[in-house]
Amino acid sequence: MIGKARAGFEVSITGLGVNVPERIVTNDELAQHVDTNDEWIRERTGIRERRMAGQNEALSDIALPACRDALAQAGLDAKDIDLLIVATVTPDMMFPSTGAILADLLGAHDAAAYDMTAGCTGFVYALAQAYGMIAGGLSKKALVVGGDLLSKLLDWGDRSTLVLFGDGAGAVVLEPVDEQGFLGFELGADGGGGEHLWLPGSGSRHFDEPEKAIKMNGREVFKFATRVLVQSAEDILSRCEVTKEDVDVYVPHQANVRIIDHATKKLGFPSDKVVVNVERYGNTSSGSIPLALRDGIDDGRIRTGSLVLMTGMGAGLTWGSALLRWTL
Ligand SMILES: CC(C)(COP(=O)(O)OP(=O)(O)OC[C@H]1O[C@@H](n2cnc3c(N)ncnc32)[C@H](O)[C@@H]1OP(=O)(O)O)[C@@H](O)C(=O)NCCC(=O)NCCS
């Protein structure tokens, strides 16, 4: 799916909040559980540390402060929100949805609230959904949450996945604005490749395997990721008639610094245009892009008028890009 934003009906991000669990887990700490070491992890992934939620913390606990900060920046009260979408593969539970839980905790009593799943691409998919509902006239003010606690799905005996993932969440408010915000979206999925990154025992399909942990074919996912990050970015830029030189800030999904470097080189973006924070958080799945947006704002690269290209990819296999003129 690819499309330009509806002309004359501008929608943008008017508030952003992020939050991560307090606990920092270093590479050395993981090396106490599996045969790995800090040097290997930093060289092959760029990750130095990640955050991990406590046993009694669920996604709504981590996402709630992010939602409050996003609403505060937008100058809105939760009761103004009529749509709340949570992109995640680690909801508090299958139902009630984390969207409904957050709507209740926030006091967004008039909001349609639900969860959606598109692996690590979830945040970009949810942005596109919320944009579509606002542009179509169904919603006036939407809260979009991207967040995951992948630490809850890790096999602490599998070094090939244990070292990659971390926990975090972000939230953005989307509203109609006067100047151009979103320019367009590109979203895709390849269920045929889904077997390379999957979670057995998590749904209605019966598996004999009793454990419920992430399974991954790292090399296949690496090849997929480097391909789609480039293709999706090129497709959305071409559809929106924007050149690579026009892009001010590139915010790719933070999975592995080698994947990001590969895509950045292929796309021809100078490294100072690329937001990278995987070293501090690891791969936080749907939390990754909002956390990177926060860092891009804080270091002064994302400012009013910046053309921001976000591209996610992950389980599904899925990918997606959003192109946005930053209006905040
Ligand atoms: C997982 C990943 C980091 C592995 O890096 P790699 O350079 O491809 O490494 P390989 O799989 O070729 O493994 C190289 C060696 O390191 C070993 N190894 C794997 N994980 C290790 C770890 N955590 N510590 C130490 N050694 C490790 C392998 O067993 C292998 O050993 P061998 O040569 O004796 O067989 C990389 O494939 C990757 O990032 N894939 C994408 C994953 C991803 O981003 N998933 C989420 C997408 S949203």
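Note that ligands are numbered from 1 as they come in the structure, with each ligand's atoms numbered from 1 the same way. Quantities reported herein were computed from a predicted structural model and do not represent experimental measurements. Counting begins at 1 with the first residue of the sequence.
With sequence neighbours left out, R303 forms a salt bridge (charged side-chain N to carboxylate O under 4.0 Å, His left out) with no residue at all. With sequence neighbours excluded, the residues satisfying salt bridge (charged side-chain N to carboxylate O under 4.0 Å, His left out) with K244 are E234.
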One pair to check against side chain to side chain contact (heavy atoms under 4.5 Å, CB included): Q73 and L328. What are the steps and the verdict? CA-CA 9 Å; Q73 187 177 23; L328 266 172; 3.9 Å; yes
Walk me through it: do R239 and D235 pass the test salt bridge (charged side-chain N to carboxylate O under 4.0 Å, His left out)? CA-CA 6 Å; R239 175 57 72 101; D235 288 350; over 6 Å; no
Going through the distances and angles, do D35 and R159 end up as a salt bridge (charged side-chain N to carboxylate O under 4.0 Å, His left out)? CA-CA 7 Å; D35 181 14; R159 68 179 180 175; 3.8 Å; yes
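Residue-environment remark: NZ (K273) exceeds the threshold of 12 foreign heavy atoms within 6.0 Å. No more than 12 heavy atoms of other residues, nucleotides or ligands shown are found within 6.0 angstrom of CG on D178. Crowding of F9 atom CZ: a count of heavy atoms from other residues, nucleotides or ligands under 6.0 Å exceeding 12.
Remark: ligand 1 atoms within the under-4.0 Å shell around heavy atoms of R219 are 10 (P), 11 (O), 12 (O), 13 (O), 37 (O). Every atom of ligand 1 with a heavy atom of V163 under 4.0 Å away is listed here by number and element: 23 (N). For ligand 1, the atoms lying closer than 4.0 Å to a non-hydrogen atom of G314 are 48 (S). If you number the atoms of ligand 1 from 1 as listed, the ones under 4.0 Å from a heavy atom of R258 come out as 5 (O), 7 (O). Counting atoms of ligand 1 from 1 in the listed order, those under 4.0 Å from a heavy atom of A255 are 44 (O). Per-residue contacts place C120 under 4.0 angstrom from the following atoms of ligand 1 (heavy atoms of the residue considered): 48 (S). Set against the non-hydrogen atoms of H253, the atoms of ligand 1 under 4.0 Å away are 48 (S). The distance from ligand 1 to the heavy atoms of M313 drops below 4.0 Å at these ligand atoms: 48 (S).
Nearest-heavy-atom check against atom 4 (C) of ligand 1 across W40, F224, F222 picks out W40. In this structure, of E43, R44, M216, the residue bringing a heavy atom nearest to atom 1 (C) of ligand 1 is M216.
Both the backbone and the side chain of T36 come within 4.0 Å of ligand 1, counting heavy atoms alone. Residue N283 touches ligand 1 through its side chain alone, judged by heavy-atom distances below 4.0 Å. Counting heavy atoms closer than 4.0 Å to ligand 1, residue V34 contributes nothing at all.
Between Y131 and F185, the ring-plane angle classifies as tilted under the 30° and 60° cut-offs.
Within the 4.0 Å heavy-atom cutoff, L30 does not count among the residues contacting ligand 1.
The shortest contact between atom 39 (O) of ligand 1 and any protein heavy atom is with N256 ND2, 2.7 Å. When hydrogens are left out, the protein atom nearest atom 23 (N) of ligand 1 is R159 O, 3.0 Å; that is the closest non-hydrogen contact. Closest to atom 47 (C) of ligand 1, if we only count protein heavy atoms, is V221 CG1, 3.6 Å.
With contacts defined as side-chain heavy-atom distances shorter than 4.5 Å, the pair N217/L197 does not qualify.
Not a single N or O atom of T45, backbone or side chain, sits closer than 3.5 Å to an N or O atom of ligand 1. For a threshold of 3.5 Å applied to N or O pairs, the pair formed by G218 and ligand 1 contains at least one separation below that value.
Taking all atoms of both residues into account, the shortest heavy-atom contact from L229 to Y250 is CB-OH, 4.1 Å. In terms of heavy atoms, H253 sits closest to G312 at CB-CA, 3.7 Å.
Using a 4.0 Å threshold on non-hydrogen atoms, atom 34 (O) of ligand 1 does not count as touching the protein. For atom 30 (C) of ligand 1, the nearest protein heavy atom lies 4.0 Å or farther away. Under the 4.0 Å distance rule, the nearest protein heavy atom to atom 16 (O) of ligand 1 falls inside the cut-off.
The distance between the ring centers of F207 and W198 falls below 6.0 angstrom.
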